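Note that the structure is a prediction, hence the values are computed from the model and not measured. Letters go in sequence order (proteins before strands), and every chain restarts at 1.
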Number of protein chains: 2
Amino acid sequence: MAPPGPARRLSESTVLDAAFGVVVDQGFAALSIRRVAAVLGVSPNALYTYVADRADLLRGMVERVMTAIDLGPLASTAHTPAERLEQFAVAMRRTLLGHPGGAALIMSGPIDGPHSLLLNEALLRTFVEAGKSLDDAARGAYALQVYVLGTVMLEAADGGTGDPEREETLATERRAALEHVDVSGVPLSAQTADIVARYNTTAQFRWGIRRLIDGMLAAG
Amino acid sequence: MAPPGPARRLSESTVLDAAFGVVVDQGFAALSIRRVAAVLGVSPNALYTYVADRADLLRGMVERVMTAIDLGPLASTAHTPAERLEQFAVAMRRTLLGHPGGAALIMSGPIDGPHSLLLNEALLRTFVEAGKSLDDAARGAYALQVYVLGTVMLEAADGGTGDPEREETLATERRAALEHVDVSGVPLSAQTADIVARYNTTAQFRWGIRRLIDGMLAAG
DNA sequence: ACCTGAACACCGTTCAAGT
DNA sequence: ACCTGAACACCGTTCAAGT
């Protein structure tokens, strides 16, 4: 049995745990070096042994969020490549919206950690299995991520969390709010309020990602 | 001739001017109520006569950025609806990336100002002219914005400014950086470095938006 | 190596007071 | 109505010092 030793209280992992704890309890806006330190019962500057600075802390958090994305849907052999891409995209959106601070984190800086590379590889494989060239696969993998991340950004700004029940609540709220918008001069917008109210729903996401996927997989 | 009167030094407009001045000179990260006040030669709390709080200042700035987006491409009768949508999307991306703080601003909160409504209406018109139902037009208008804004977010995080020359510089840098990435275990990614290096270019953007548009306009 | 105390140069916002 | 002075409760980061 290894000697107990002086249990190192802190590590990059415990710092990240504490950081996500702050986000869960107080929201992403409240995330600060000082608050994380407080949670750990340590002085603020103590964290600088484990993270270079605030940006480095965020990078670590982004990588954790990316790791939470399940690549399983892309490997499922029971479905067509198009179905797999759609299922994966839906799951990725849900994971990012549901993860504490997920949306804010992906917006906080570049996404180029190790798990992003695995995600990209799995997407490439799926596009290639769909019969696309390697170049088109690479372009397609990026385009799909652009659509998912754009959606997550816009939905998060609207208060979405990926939870279907909350989605319905927000849609109802938005429908009511649209009643008070001045639509003189925008006749078409006036007639589409029911659709607009449901922009930030899984159904709208599926509609768009499916058309993007269809456009990318079309023979050519 | 109206009497000169005591020229009111401040207004919401001058505050916004000063705010964009700060962003131009010192970057979006340096934007603060106190710095804007300093530029105006006034004490920090003086701004609260013209903006409710920091979030309100950002809202005003977002609306200015949206106003900078040219809806002209959507009205051009010389092109097909698909071409008009593509041209508009390219121009919108360029404007947002080129505008001081544009990307950071669209990420800072919901986009629902008056000019967003006009933009939406012009998009709806174009989709309808392409023969789509009003419902599909509404879904399509949102999907297109999702793709543009997602692109802007990712490109801005990578340092893009919409300038084609800078685009090339960044692509070259990224190509070099990819040499040092460990690609063991990701064989497909290893073979697509040339495409990946050019993810944040107008060419890649056109590739993706065209396929999204084609998927949306396809008969069905 | 890891942590603390103290400090520096910042924030957004509020309140009371002046004109 | 519009602006100031002063204050409050925060930030990230650095430096010197202790163990």
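- What separates CG of B:Leu47 from P of D:dA1 is a distance of 18 Å, to the nearest Å.
- Scanning both residues, A:Arg9 and A:Val42, for their nearest heavy atoms gives NH2-CG2, 4.2 Å.
- In this structure, the nucleotide among D:dT4, C:dC11, D:dT13 sitting nearest to the side chain of A:Arg34 is D:dT13.
- Spacing between atom CD of A:Glu12 and atom P of C:dC2 amounts to 13 Å, rounded to whole angstrom units.
- The side chain of B:Asp53 approaches C:dT13 more closely than any other nucleotide in the set C:dT13, D:dC11, D:dC2.
- Taking atom CZ of A:Arg54 as the reference point, atom P of D:dT14 lies 15 Å away to the nearest angstrom.
- Residue contacts shown for A:Ser43 include a base, since a base heavy atom lies under 4.0 Å away.
- Computed from coordinates, the B:Leu57 CG to C:dC11 P distance equals 14 Å when rounded to whole Å.
- Of the listed nucleotides (D:dT13, C:dC3, C:dC11), C:dC3 has the atom at the smallest distance from the side chain of A:Ala46.
- For the P atoms, the distance from C:dA9 to D:dA9 is 22 Å, rounded to whole Å.
- The side chain of B:Arg35 lies closest to C:dC11, out of C:dC11, D:dC11, C:dC2.
- Atom-to-atom, CG of A:Leu31 to C1' of D:dC11 comes out at 12 Å; the value is rounded to the nearest Å.
- For A:Tyr48, the side-chain atoms get nearest to D:dT14 when compared with the rest of C:dT13, C:dT4, D:dT14.
- The shortest non-hydrogen separation linking B:Gly162 to B:Leu97 is N-CB, 3.6 Å.
- Out of C:dG12, C:dC10, C:dC3, the shortest distance to the side chain of B:Ile33 is found at C:dG12.
- Between the side chains of B:Asp56 and B:Tyr50, no donor-acceptor pair of N or O atoms lies under 3.5 Å.
- Ion pair B:Glu86/B:Arg211 not flagged as a salt bridge, since none of the NZ, NE, NH1 or NH2 atoms sits closer than 4.0 Å to an Asp/Glu carboxylate oxygen.
- The CZ-P distance, from A:Arg9 to C:dC2, rounds to 13 Å in whole Å.
- For A:Thr49, no side-chain nitrogen or oxygen approaches OP1 or OP2 of C:dC2 to under 4.0 Å.
- More than 12 heavy atoms of other residues, nucleotides or ligands sit less than 6.0 Å from atom CZ of B:Arg64.
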Represent DNA chain D in dot-bracket notation, 5' to 3'. Only Watson-Crick or G-U wobble pairs with both distances under 3.5 Å count; pseudoknot-style crossings use [ ] and interstrand partners use |. ||.|||||...|||||.||
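- Interatomic distance, OH of B:Tyr199 versus CG of A:Asn120, reported as 4.5 Å (0.5 Å rounding).
- Rounding to the nearest 0.5 Å gives a distance of 6.5 Å between CE of B:Met216 and CD1 of B:Ile209.
- Nearest-nucleotide mapping onto DNA chain D: of A:Ala52 and B:Pro44, the residue sitting toward the 5' end is B:Pro44.
- Remark: B:Arg93 engages B:Glu167 in a salt bridge, criterion side-chain N to carboxylate O under 4.0 Å.
- The nucleotide whose nearest atom lies closest to any side-chain atom of A:Val42 is, among D:dC2, C:dC3, D:dT4, C:dC3.
- For A:Tyr50, counting side-chain heavy atoms from C-beta on, the closest listed nucleotide (C:dC11, D:dC3, C:dC3) is C:dC3.
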